[in-house]
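The structure under discussion is supplied below as structure tokens; questions concerning it will follow.
Here is the naming used below: chain letters follow the sequence lines, and residue numbers restart at 1 for every chain.
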Number of protein chains: 2
Amino acid sequence: MRARIEDVAQAAGVSMTTVSRVFNKEPNVREKTRLKVEAAAQALDYRPNPSARSLAGNRSYLISLVYDDPAAASSYIMEIIVGMLVACERQRYSAMLRPLEYSNADHVRAVEESIAQYRPDGLILVPPFADDLKLLRRLDALGVRYATISAKAKLGHARIGTILDERKAAAEMIAHAVELGHRRIAHIAGPPLHGGRAWRLAGYRDGLRRAGIAYDAKLVVDGGFTFDDGVAGTRQLLDLKHPPTAIFAANDDSACGVMHEAFERGLRVPQDVSVFGFDDTPASRQIWPSLTTVRQPCREMGRIAAEQLLAAIRDPQAGALVRVPYELMIRQSGGPAPAAAKRR
Amino acid sequence: MRARIEDVAQAAGVSMTTVSRVFNKEPNVREKTRLKVEAAAQALDYRPNPSARSLAGNRSYLISLVYDDPAAASSYIMEIIVGMLVACERQRYSAMLRPLEYSNADHVRAVEESIAQYRPDGLILVPPFADDLKLLRRLDALGVRYATISAKAKLGHARIGTILDERKAAAEMIAHAVELGHRRIAHIAGPPLHGGRAWRLAGYRDGLRRAGIAYDAKLVVDGGFTFDDGVAGTRQLLDLKHPPTAIFAANDDSACGVMHEAFERGLRVPQDVSVFGFDDTPASRQIWPSLTTVRQPCREMGRIAAEQLLAAIRDPQAGALVRVPYELMIRQSGGPAPAAAKRR
DNA sequence: TTGTACGCGTTATCAT
DNA sequence: ATGATAACGCGTACAA
């Protein structure tokens with residue numbers, strides 16, 4: 001049978017309480033005592049029993065990642081998970097995944113249900129959950145701690161998590177397109193409920209304004225974050241009387257759709273039309289031509305969000321909203337604007 | 001405070017034991033009693049405390065997915081996770097993720113460490129872990145239950161999990177290429193340790209044999225499952241005096257690399273060279289031209305592996321190795337062999 | 001700084 | 001078919 005705390009206490013010649021103190025890094029333990037305990041624990045290969053710990057401590061030592069199910073297989077989520085796992089491991093926490101269907105009307109109940117069953121000590125929310133005021137308010141009311149990733153909502157006593165200046169990133173992307181000589185730059189916007197939509201759209205407009213290019217509503221189409229949204233948006237845009245020479249998609253999946261539709265029409269990228277994305281998914285490096293896009297440090301975002309959440313769990317005063325850096329990844333899908341278009 | 005089993009017992013006018021029996025679907029409970037208990041539980045919104053359950057039951061109600069970290073963001077793993085979660089939820093189990101670096105010499109210890117810490121009731125292993133005899137033997141010795149996905153190894157008292165006839169699938173892919181008129185068909189093989197490498201390579205040879213095409217060692221290059229492996233392999237193949245007219249990559253990531261390198265050289269796909277993959281990742285639909293490949297039902301595989309594992313946990317006699325179907329996804333990356341090549 | 005003793009909520013054992 | 005009670009292994013008041 002496995003060593004218990006009692007065995008360690010006996011071997012070290014101290015009480016169970018002292019062993020507990022050592023393992024939980026509590027103060028008021030003499031260095032010498034601690035070393036004794038650690039040696040005994042090592043010798044017995046002792047590991048605290050997580051269930052017993054939870055039961056006695058009235059905590060689950062568990063945090064839960066809530067994300068939208070259709071996006072369940074996106075590399076965005078996967079990277080966040082990996083980062084989250086890193087943070088959890090370091091602090092003897094576990095991570096749990098809750099892919100829920102956001103489109104279900106009762107997704108708030110689904111989250112509550114999940115909390116009731118598994119009793120996580122905290123939640124990490126990504127969009128669109130991170131932007132759902134009804135959900136956030138409910139969590140606040142329930143006293144459930146949470147961290148958000150890329151949330152537009154400004155709710156909660158202590159708003160914690162990570163954020164990235166998507167607006168500035170988008171503006172920079174447009175500046176890059178302008179530098180390449182583009183004037184007719186279109187945007188396929190993200191889904192209505194994501195903060196990302198508003199930020200990237202605002203950044204797009206910022207970029208145009210700074211370049212002295214008038215905003216043309218015809219060049220902005222509603223879209224989403226999927227490949228098909230990119231295809232549909234591109235159809236609209238390329239059917240225009242004066243089609244754009246560059247298309248900035250709301251994210252990489254959508255940008256792949258843009259390229260797909262462009263190719264379907266026999267256009268070349270970037271010679272005939274330049275394409276820009278957002279996210280830097282693995283696919284953005286693998287497609288041809290490789291996609292110029294904005295990198296979000298998803299793994300770091302997951303790790304940081306978890307760290308801030310765990311800090312807040314330990315101490316309600318702790319935890320912050322951490323801004324993480326983006327990076328423009330200049331690849332091959334963006335090229336000089338076609339001469340013909342320039343002359344128009 | 002939350003309702004405990006005692007509260008439910010009192011409300012229903014029965015003992016705690018009976019409530020426990022009802023919740024665990026044990027026999028020897030009168031229908032009438034069960035209904036009483038269920039009504040009381042419903043009224044009190046009672047949820048069993050997982051920690052208490054684990055502690056008293058000496059089980060963690062937790063299964064762990066072990067996979068290679070570099071592949072952490074692959075859609076293959078993501079889909080498996082989703083399937084696994086579905087199975088767990090249905091049986092009141094939790095799922096935990098263990099991305100470990102297989103290339104680390106002590107990955108067996110890393111697995112043991114993870115088991116010691118979190119005490120999962122079972123493991124799900126994917127390649128290359130599923131093929132690691134040393135690991136499997138160690139787990140057998142420790143009495144740890146596990147299910148494998150796509151393992152070539154035939155170990156364990158009760159070998160359980162899922163398997164797919166990759167060899168037959170690969171042969172079918174080659175048959176498809178032959179139908180398109182290809183005779184010089186190359187293969188970029190998978191990484192040495194994966195069962196997938198051997199199966200897909202064997203299927204490739206089967207396919208050639210059936211078409212009466214002599215095996216040419218020059219047309220088979222060592223590779224791996226990454227984009228870069230595809231690029232490197234394609235360089236070798238296209239530098240050949242008699243380059244192939246079709247390239248069958250070990251998987252989709254690698255196939256993307258093949259296409260990338262072909263485009264770099266100014267070749268057209270599929271007019272100049274046809275490309276075939278394996279896995280049906282999301283990217284295979286998004287790239288241009290879309291990739292002809294073999295679909296593996298990863299989500300189902302994850303679900304089934306978890307189900308078999310849970311069955312085996314409950315009853316050591318239970319659990320089986322379930323064969324799942326593949327599907328040829330004919331898309332645009334495969335086309336008729338170039339006339340010039342045919343004449344050679 | 002260290003130790004004693006109780007309680008966390010459930011399952012398992014053994015009666016009845 | 002149902003119930004009483006002792007574990008399960010740890011955290012935490014409280015005492016020393």
Side-chain angles (χ1 to χ4, degrees), chain A residues 1-38 40-41 44-62 91-94 116-119 121 313-314, chain B residues 1-38 40-41 44-62 91-94 116-119 121 313-314:
Chain A
M1 206 45 198
R2 224 154 222 158
R4 298 158 306 162
I5 198 171
E6 191 182 348
D7 305 324
V8 178
Q10 199 155 16
V14 299
S15 73
M16 287 164 48
T17 313
T18 300
V19 177
S20 175
R21 285 199 182 96
V22 169
F23 266 79
N24 293 307
K25 300 189 202 306
E26 284 173 29
N28 297 335
V29 178
R30 263 199 316 213
E31 182 66 12
K32 198 176 153 189
T33 312
R34 207 186 62 213
L35 291 174
K36 253 195 328 197
V37 170
E38 279 168 353
L44 294 172
D45 193 31
Y46 166 73
R47 321 295 171 103
N49 180 315
S51 309
R53 233 158 78 86
S54 303
L55 186 57
N58 194 32
R59 272 166 284 172
S60 62
Y61 296 98
L62 180 70
Q91 314 200 25
R92 293 205 299 162
Y93 256 76
S94 295
Q117 272 204 24
Y118 297 101
R119 307 171 195 215
D121 294 340
I313 288 169
R314 193 163 296 140
Chain B
M1 205 45 197
R2 223 155 222 157
R4 297 158 305 162
I5 198 171
E6 190 181 351
D7 304 324
V8 178
Q10 196 155 17
V14 299
S15 73
M16 287 162 46
T17 312
T18 300
V19 177
S20 176
R21 284 198 182 97
V22 169
F23 266 79
N24 293 305
K25 301 190 202 308
E26 284 172 30
N28 298 335
V29 178
R30 263 199 317 213
E31 182 67 13
K32 198 175 152 190
T33 312
R34 208 187 61 216
L35 291 175
K36 252 194 331 197
V37 170
E38 279 168 353
L44 294 172
D45 193 31
Y46 166 73
R47 319 296 172 104
N49 180 314
S51 308
R53 232 158 79 86
S54 301
L55 185 58
N58 195 31
R59 271 166 286 172
S60 63
Y61 296 98
L62 180 70
Q91 313 200 24
R92 292 206 298 162
Y93 256 75
S94 296
Q117 272 205 22
Y118 298 101
R119 305 170 196 217
D121 294 339
I313 288 169
R314 192 163 296 138

*Using whole Å, report how far CG of A:D7 lies from P of D:dG9.*
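My rounded result for the distance is 9 Å.
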*Report yes if some heavy atom in the side chain of A:Y61 is under 4.5 Å from a heavy atom in the side chain of A:S94; otherwise report no.*
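Contact flag for A:Y61/A:S94 side chains = no.
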*Please identify each residue that fulfils salt bridge (Lys or Arg N to Asp or Glu O under 4.0 Å) with A:R47, with sequence neighbours left out.*
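A:R47 satisfies salt bridge (Lys or Arg N to Asp or Glu O under 4.0 Å) with A:D45, B:E113 once adjacent residues are dropped.
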*Partner residues of A:S15 under the side-chain hydrogen bond (donor to acceptor under 3.5 Å, both in side chains) criterion, sequence neighbours left out*: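 Expected list: A:T18.
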*With sequence neighbours excluded, what pairs up with A:D7 under the salt bridge (Lys or Arg N to Asp or Glu O under 4.0 Å) test?*
A:R4
N/O donor-acceptor pairs under 3.5 Å from side chains in residues 19-27 of chain A, not counting sequence neighbours:
from, atom 1, to, atom 2, distance (Å)
A:S20, OG, A:N24, ND2, 3.4
A:N24, OD1, A:R53, NH1, 3.2
A:N24, OD1, A:R92, NH2, 3.2
A:N24, ND2, A:S20, O, 3.0

*Just how far, in rounded Å, is P of D:dA13 from CG of A:N28?*
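In whole Å, D:dA13 P and A:N28 CG are 14 Å from each other.
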*A:E31 CD to C:dT2 C1': how many Å, rounded?*
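So the two atoms are 16 Å apart, to the nearest Å.
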*Would you give a per-nucleotide map of nucleotides 10-16 of chain C, 5' to 3', where B means the base has a protein non-hydrogen atom under 4.0 Å away, S means only the sugar-phosphate does, and - means neither?*
BBB----
*Across the strands shown, which category fits A:S51 at heavy-atom distances under 4.0 angstrom: base, sugar-phosphate, nothing?*
nothing
*N/O (side chain, B:T18) to phosphate O (OP1/OP2, D:dG3) under 4.0 Å*: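 Checking B:T18 against D:dG3: at least one side-chain N or O falls below 4.0 Å of OP1 or OP2.
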*Under the side-chain contact (heavy atoms from CB on, under 4.5 Å) test, residues paired with B:A12 that sit two or more places apart*: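 So B:A12 forms a side-chain contact (heavy atoms from CB on, under 4.5 Å) with B:V14, B:V37, B:A40.
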